[in-house]
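For reference, the structure is listed below as C-alpha cells.
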Amino acid sequence: MNLDAAVIPSYYSRLVMAKNQGHFKIAQALLELIVGSSVDDSTSAVGRKALEKIAQAKGHAATIAAGTESVAEIPAGEAADWQEYALQTPPYTRKLALALATYFVRANLLETAYEMYLSAGELDEDGSSAEDLSAIAAAESGNMANDFGKKCEEAGNHAKAAGWYKKAKDAGLADADAALARMQSFHGVTRFIAPWLEIAKKTGRKELAEAIVAIAANAKAGNMDAVTISESVVLPCYQELDFWESELDAYFKFSGDDSEAYGNAIAAIGKILERAKMYNVALRWFKKAGAYSKAANDDARRMLPLKSKSITMREADDIYDSTSPIPSLWKI
C-alpha cells in the first residue's frame, strides 16, 4: 500500500502517539505503511513534507521494535480517539487492522474490534502468523461474535449479547441459535413485555394487556400474570400513543417478531382509538397491524366511512390532573 504524500504527516503523528502510549504493534504497522510509501513529486511542498516524515519515522524504528506492549488499562478518552480514527481511516494493511483489533478488544470496544478483524480478512497479505489467521477465521465463522456474546451475557448486558449471538448465527454458527433465543427471551421480557404489561394494567387497557400476554406466550417468554382488570374508558392522548408506537417499533427492531400476536397488540391500540371515536387515527393503527393480522385489515375497512366523524385527540395535560401518576408511565 502506497500512502498519498498528503496523508503521510497525519500517519506519522499517529505513529508517534501509538509509540508514546505504549501500543507498539499499532506503531509498527503504521511505521511499515509510512516507510513503504514512495513520494512521486519530491520537489513540491507536500512531497518534501512527506519525505521529512518518512525519515523521522525511520528514526523511531529501533525504539518501536524493542518496545514492550503496554498492559495498562486503556483510558476511555484514548480509546474513543482511536475508535474515531479507525472508523474514519481504513487500516489498509492486515497488520494494522489486526493491531487495532487487539487494542479495541482490550478497550472493550468489541464492535469496532470485530469490524477490524473482518477488515483484516478482506486484506490479502503474505506473512500472517497462524495466530492472526486463526483470529480472522474466528471472526468470519461467527465464533468470535459468539465469544463476544458470552462476554456480554456474563456482564449482564443481554441486549448486546443478543446482538452478538445474532451476528454469530448470521455468520453460520449453528451453536448460536439457542443462545440467541435465550437472550431474546430474557431481554424481551425484562425490557419490553413485563413493563408493558404493568403499564397496560395501570392504565386500564385490558385488551392491550391481553395482547401483550399473547406476545409473551408466542415468544415462549414464560408465564405472565393473568389480566383481571376492566377496560378503561379514559380517552387516549398523544403521549400514550407516542409511547406505544415507539415501544412496539423498538421491540420489532430487536426481536424481528412478525407474528399475529404482535399484530394484535398493534390492533389493540387501534381498538382503544376506535372506542374513543378517533377513527382517523385508529385507521392508521389498523393498517399497521394489517401487515401481521388479517383481522386488522377488516378493522381498517370499517374505519373508512367513519373517518369524518372523528374527534380530536388531546394532550395528557388535558385529560389527567397534575397529581396523576399515569403520564409518567409513558416515560420509560
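Just so you know, these numbers come straight off a predicted model, no measurement behind them.
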Q. Are side-chain heavy atoms of N297 and F286 found at a separation under 4.5 Å?
A. no
Q) Listed by chain and number, what are the side-chain hydrogen bond (donor to acceptor under 3.5 Å, both in side chains) partners of D147, not counting sequence neighbours? A) none
Q. Does a side-chain N-to-carboxylate-O contact under 4.0 Å join E69 and R106?
A. no
Q.
Quick test of your reading of the model: are K206 and E210 salt-bridged, counting only N-O distances below 4.0 Å?
A. yes
Q: May I ask you to test the Q83-E111 pair for a side-chain heavy-atom distance under 4.5 Å?
A: no
Q: Go through the structure and list residues passing side-chain hydrogen bond (donor to acceptor under 3.5 Å, both in side chains) with E32, not counting sequence neighbours.
A: Q28, K95
Q. So do the side chains of F243 and E247 get within less than 4.5 Å of each other, counting heavy atoms only?
A. yes
Q: Assess R191 against F254: is NZ or CZ under 6.0 Å from the centre of the six-membered ring, and within 45 degrees of the ring's axis?
A: no
Q: Hey, can you tell me if Y12 and H60 have their rings parallel, tilted or perpendicular (30° and 60° cut-offs)?
A: tilted
Q. Should the ring pair Y292 and F252 be called parallel, tilted or perpendicular, given that the plane angle runs from 0 to 90° and is split at 30 and 60?
A. tilted
Q) Are R14 and W82 in a cation-pi setup, meaning NZ or CZ lies under 6.0 angstrom from the ring centre and within 45 degrees of the ring axis? A) yes
Q.
If the threshold is 4.0 Å, N to carboxylate O, is there a salt bridge linking D298 and R301?
A. yes
Q) Side-chain contact, heavy-atom cut-off 4.5 Å: K151 with W164? A) no
Q: Answer yes when R284 and E245 have at least one side-chain N-carboxylate O distance shorter than 4.0 Å, and no when they do not.
A: yes
Q. Angle class for the F186/H158 ring planes (parallel below 30°, perpendicular above 60°, tilted otherwise)?
A. tilted
(Q) For G270 versus A282, what's the shortest heavy-atom pair and its separation? (A) O-CB, 3.5 Å
